Amino acid sequence: VQLVESGGGLVQPGGSLRLSCAASGRTFSSYDMAWFRQAPGKEREFVAAITWSGGNRYYADSVKGRFTISRDNAKNTLYLQMNSLKSEDTAVYYCAEFRTGTYYTVSGYKYWGQGTQVTVSS
């Protein structure tokens, strides 16, 4: 299984970015997926999750209304549209394939990408 994130970068507060996660090596459409993030000195935290069909989506309170998770199963790609970015959104963002348990903790995921840096600063 390989998950490769892209789309990170430097953006000003209030700006937008769209992250992508390209999946290979498994049947992408069979698995629920999620985005996590990790800021320097902090634990990795849940951002958003989406079921295999895209029919259900879940968000951390801190990003609800600003971020949108989506997927294109035909392209084996997961997305995270991030709007109204704040300095506290600065982190390395990771995509992950859900395996068991709860969406909201790291332990529920088996496969992870290498991460992409998002920096929100003026």
Side-chain angles (χ1 to χ4, degrees):
V1 177
Q2 188 172 21
L3 300 172
V4 180
E5 301 95 337
S6 62
L10 173 64
V11 62
Q12 292 186 343
S16 298
L17 280 176
R18 188 175 83 154
L19 306 183
S20 299
C21 171
S24 61
R26 295 175 73 81
T27 306
F28 175 74
S29 59
S30 296
Y31 296 93
D32 300 350
M33 298 291 295
W35 288 96
F36 280 72
R37 67 186 181 186
Q38 188 166 17
K42 296 188 176 181
E43 293 187 352
R44 195 168 297 190
E45 65 173 4
F46 171 81
V47 174
I50 187 168
T51 53
W52 63 271
S53 66
N56 290 291
R57 309 178 192 195
Y58 307 88
Y59 296 95
D61 288 343
S62 59
V63 307
K64 202 171 293 183
R66 299 188 298 122
F67 291 10
T68 302
I69 188 171
S70 62
R71 65 191 299 161
D72 185 337
N73 286 341
K75 296 182 177 179
N76 291 344
T77 304
L78 177 73
Y79 302 101
L80 184 69
Q81 178 66 44
M82 305 186 296
N83 298 329
S84 302
L85 282 160
K86 305 175 181 180
S87 58
E88 51 262 45
D89 295 318
T90 295
V92 177
Y93 284 71
Y94 300 88
C95 64
E97 181 185 285
F98 179 73
R99 295 307 300 272
T100 187
T102 174
Y103 288 135
Y104 302 100
T105 60
V106 170
S107 60
Y109 299 80
K110 182 174 182 179
Y111 296 107
W112 295 82
Q114 84 291 346
T116 185
Q117 176 71 48
V118 172
T119 302
V120 184
S121 175
S122 56

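Remember, it's a predicted structure, so these values are computed and weren't measured experimentally.
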- Scan residues 90-122 for pairs that pass disulfide bond (SG atoms under 2.5 Å apart), counting only residues two or more places apart or in two chains. Cys21-Cys95

- Where at least one partner belongs to residues 94-122, residue pairs that pass salt bridge (Lys or Arg N to Asp or Glu O under 4.0 Å), sequence neighbours excluded: Arg26-Glu97

- Residues which pass side-chain contact (heavy atoms from CB on, under 4.5 Å) with Thr102, listed by chain and number, not counting sequence neighbours: Tyr104, Thr105

- For Tyr109 and Ala49, which heavy atoms make the closest approach, and how far apart are they? OH-CB, 4.3 Å

Sequence neighbours excluded and cut-off under 3.5 Å, please list the side-chain donor-acceptor pairs for residues 115-122, or say none.
unit_1: Thr116; atom_1: OG1; unit_2: Gly8; atom_2: N; d: 3.2
unit_1: Gln117; atom_1: NE2; unit_2: Ala91; atom_2: O; d: 3.4
unit_1: Gln117; atom_1: NE2; unit_2: Thr119; atom_2: OG1; d: 3.3

- Query: Cluster question for you: counting only ILVMFWY and a side-chain heavy-atom cut-off of under 4.5 Å, with indirect links fine, are Leu19 and Phe36 together?
  - Reply: no

- List for me each residue that meets side-chain contact (heavy atoms from CB on, under 4.5 Å) alongside Thr27, sequence neighbours excluded, and say none if there are none. Ser29, Ser30

- Of all pairs that satisfy ring pair (Phe, Tyr, Trp, His ring centres under 6.0 Å), the ones with a partner from residues 50-93, not counting sequence neighbours: Tyr58-Tyr103

- Sequence neighbours left out, what pairs pass disulfide bond (SG atoms under 2.5 Å apart) with at least one residue falling in residues 37-93? none

- Query: Do Met82 and Asp89 have side-chain heavy atoms sitting under 4.5 Å apart?
  - Reply: no

- Task: Scan for disulfide bond (SG atoms under 2.5 Å apart) pairs involving residues 23-77, sequence neighbours excluded, and state none if there are none.
- Result: none

- Message: According to side-chain contact (heavy atoms from CB on, under 4.5 Å), who are the partners of Ala60, at least two apart in sequence or on a separate chain?
- Response: Phe46, Ser62, Val63

- Please answer whether the main-chain N or O of Gln81 pairs with a side-chain N or O of Arg66 as donor and acceptor at a distance below 3.5 Å. no

- Quick note, side chain to side chain donor-acceptor pair (under 3.5 Å) partners involving residues 6-17, not counting sequence neighbours, are Ser16-Asn83

- Query: Transitively linked via ILVMFWY side-chain contacts under 4.5 Å: Val47 with Tyr94?
  - Reply: no

- Query: Same cluster for Trp35 and Tyr111 if Ile/Leu/Val/Met/Phe/Trp/Tyr side chains link at under 4.5 Å?
  - Reply: yes

- Task: Return each pair, listed once, that meets salt bridge (Lys or Arg N to Asp or Glu O under 4.0 Å) where at least one residue sits in residues 49-63; pairs must be two or more places apart or across chains.
- Result: Asp61-Lys64

- Taking all atoms of both residues into account, what is the closest heavy-atom pair of Phe28 and Ala23, and its distance? CD1-CB, 3.4 Å

- Note on the structure: Contacts satisfying salt bridge (Lys or Arg N to Asp or Glu O under 4.0 Å) that involve residues 39-54 (not counting sequence neighbours) are Arg37-Glu45

